[in-house]
J.: 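Supplied in C-alpha cells, the structure appears directly below.
All values below come from the heavy atoms of this structure, side chains included, with hydrogens, waters and symmetry mates left out. In each ligand, atom 1 is the first atom listed, and ligand 1 is the first ligand listed.
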Amino acid sequence: MGNGSMKSKRYKHPDGSSASFNGRTHKDHGAGFKNSLDSLRARVEELEREGKRKDEELCAKEQQIKGLQEQLAKQTRAMAELSEELQNKCIQLNKLQDVMKNQSGASASLGSRQPSIKTGGKGSPNLSIRIKETLNRRKGAKAGVSAEPSSRTYDSSSLPKFSFEKARVPKDASVKKLLCEALNKNQYLKRLELQQIKDMVECMYERTYQQGEYVIKQGEPGYHLFVLADGKLDVFQHNKLLTSITVWTTFGELAILYNCTRTASVRAVNKVRTWALDREVFQNIMRRTAEMRHEQYRNFLRSVSLLANLPEDKLSKIVDCLEVEYYDKGEYVIREGEEGSTFYIIAQGK
Ligand code: CMP
C-alpha cells in the first residue's frame with residue numbers, strides 16, 4: 001500500500017484459533033476494527049464539516065460576485081448616461097460654434113453697422129438681453145449667449161401691439177403636452193420659464209412638408225422654430241448629412257434664439273408634419289415676460305429707501321443690471337477680505 005499501512009498476515013494457531021501475524025487475536029481484531037471505524041467516522045464528520053464550511057465560503061463568494069456584478073451594472077449605466085450627456089454637450093458645442101461662425105461672418109460683412117432694433121431711450125433692456133436673462137433664469141445658469149441687437153435701450157412702444165389671444169391656436173391637451181415636452185427637452189429652450197414654454201405651445205401651428213422639400217435652408221434667415229410631429233427629417237451642413245431628426249424633437253431654434261442665419265439645412269425624408277412658432281411671436285412672448293419682470297423689479301427698487309429718490313432713467317438702468325441670485329440657508333453671500341464688485345439688495349429672507 002502506497003500510504004505505508006501494512007496488511008497483517010494470518011497464520012493458524014495449533015489450538016485452531018487464528019491470529020494475525022503481529023500476534024493479535026479475533027478479540028484484538030474486533031477492537032482494532034472498532035477503532036478504525038470510529039476514526040473513520042470522525043474523519044467523515046470532519047470532512048462533512050469541512051464541506052459545509054467550503055459551501056458557506058462558496059455561498060459568500062457567490063454573494064460577493066453578485067454584489068460586484070450589480071455594482072458593475074450600475075457603473076455601466078452611469079457611464080452610458082455620462083457618455084450620452086457628453087454627446088449632447090458636444091452637439092450643443094458644435095451648434096454654438098456654428099452660431100458663432102455665422103455671427104462673425106455676418107458681422108464681418110456688415111462692418112460696423114449697428115443692430116436693427118433701436119430705442120426711444122426709455123431705458124428698458126433690449127430683447128437679446130431679455131432672452132439671455134430668461135434663458136439663464138431657470139436652472140440657475142449663469143452664462144448665456146444671444147445675438148440680438150446689443151443696444152440695451154430697446155423701446156417696444158413703437159412696435160405694433162402684440163395680441164397673444166390672436167396668436168393663439170387651439171389644440172388638444174395631448175398635443176400640448178407633447179409639444180411642451182419637446183420644447184423642454186431642447187438644450188437651449190429648457191432654460192426658459194415654464195410659462196414661456198406654455199405660451200409658445202399655445203401659439204404653435206401646423207405646417208406640412210412633402211418628401212424631399214427643405215424645411216430650413218442653411219444660410220437663410222430664420223423665421224420659425226419647429227417641433228417635428230410626424231415623419232423624418234435629415235440635417236445637412238454644406239450638403240453633408242449630419243444627423244436625422246425624429247418625432248417630437250425641436251429644431252430651427254438656433255437662428256431664432258441667437259438671431260443668426262440658419263446653421264444647417266433640414267430636409268424632409270418623407271412627408272412630414274411639424275408644429276411651427278413664428279419668430280415674432282417667440283420674441284413677443286420673451287418681451288412680455290421681460291417687461292413684466294422689469295416692472296416688478298422697478299417697483300421693488302422703488303421700495304428700497306436708498307433708491308427711492310433716484311430719477312426714473314437711473315432706476316431703469318439699475319433694473320437692467322439686476323440679477324436675481326438665490327442662496328441656501330447658511331450659505332455666504334459675501335466673504336470678508338474678498339474683492340467687492342457687487343452690491344446686493346435683499347428681496348426675501350434674512
Ligand atoms: P437653426 O440653425 O435655426 O436651423 C438649422 C437647425 O438644424 C438648427 O437650428 C438646429 O435646430 C439643427 N441643427 C444644426 N446642427 C445640428 C446638429 N449637429 N445636430 C442636430 N441638429 C442640428
J.: Heavy atom under 4.0 Å from ligand 1: found in Glu253's side chain, backbone, both, or neither?
T.: both

J.: Considering only heavy atoms from C-beta outward, does the side chain of Thr250 approach that of Leu189 to under 4.5 Å?
T.: yes

J.: Taking atom CD1 of Ile65 and atom CG of Leu72, what is their separation to the nearest 0.5 Å?
T.: 12.5 Å

J.: Look up atom CE in Met286 and atom CE in Met200, then write down how far apart they are to the nearest 0.5 Å.
T.: 5.5 Å

J.: Could you find the nearest protein heavy atom to atom 6 (C) of ligand 1 and give me its residue, atom name and distance?
T.: Gly252 N, 3.9 Å

J.: Students should be able to answer this: which protein heavy-atom is nearest to atom 4 (O) of ligand 1, and at what distance?
T.: Arg262 CD, 3.3 Å

J.: Using a 4.0 Å cutoff against the non-hydrogen atoms of Thr243, which atoms of ligand 1 qualify?
T.: 19 (N), 20 (C)

J.: Here's a test for you: under side chain to side chain donor-acceptor pair (under 3.5 Å), which of Thr263, Thr243, Asp98 qualifies with Gln237?
T.: Asp98

J.: For atom 16 (C) of ligand 1, grab the closest protein heavy atom and report residue, atom and distance to one decimal in Å.
T.: Lys95 CE, 3.7 Å

J.: Anything under 30° is parallel, anything over 60° is perpendicular, the rest tilted; go ahead and classify Phe226 against Phe251.
T.: parallel

J.: Look up atom CZ in Arg298 and atom CD1 in Ile318, then write down how far apart they are to the nearest 0.5 Å.
T.: 12.5 Å

J.: In ligand 1, which numbered atoms sit nearer than 4.0 Å to a non-hydrogen atom of Ile216?
T.: 4 (O), 5 (C)

J.: Numbering the atoms of ligand 1 from 1, which are under 4.0 Å from a heavy atom of Phe251?
T.: 11 (O)

J.: Decide side-chain hydrogen bond (donor to acceptor under 3.5 Å, both in side chains) for Arg287 and Asn284; before the verdict, give the C-alpha distance in whole Å, the side-chain angles of both, and the deciding distance to 0.1 Å.
T.: CA-CA 5 Å; Arg287 186 177 292 128; Asn284 274 302; 2.8 Å; yes

J.: State whether the shortest distance between N or O atoms of Thr250 and N or O atoms of ligand 1 falls below 3.5 angstrom.
T.: no

J.: Name the closest protein heavy atom to atom 5 (C) of ligand 1, giving the residue it belongs to and the distance to 0.1 Å.
T.: Ala264 O, 3.4 Å

J.: When rounded to the nearest 0.5 angstrom, what distance separates OH in Tyr214 from CG in Asp234?
T.: 9.5 Å

J.: For atom 8 (C) of ligand 1, find the nearest protein heavy atom and state the residue, atom name and distance (0.1 Å precision).
T.: Thr263 OG1, 3.7 Å

J.: For the OH atom on Tyr327, are there more than 12 heavy atoms of other groups (residues, nucleotides or ligands in this structure) within a distance under 6.0 Å?
T.: yes

J.: Would you say Leu242 touches ligand 1, if touching means a heavy atom closer than 4.0 Å?
T.: yes

J.: Taking distance alone, with N or O pairs closer than 3.5 Å, would you say Ala255 contacts ligand 1?
T.: yes

J.: So for ligand 1, is Gln237 a polar contact partner (N or O within less than 3.5 Å, distance only)?
T.: no

J.: At what distance is the nearest protein heavy atom to atom 7 (O) of ligand 1, and which residue and atom is it?
T.: Val266 CG2, 3.8 Å

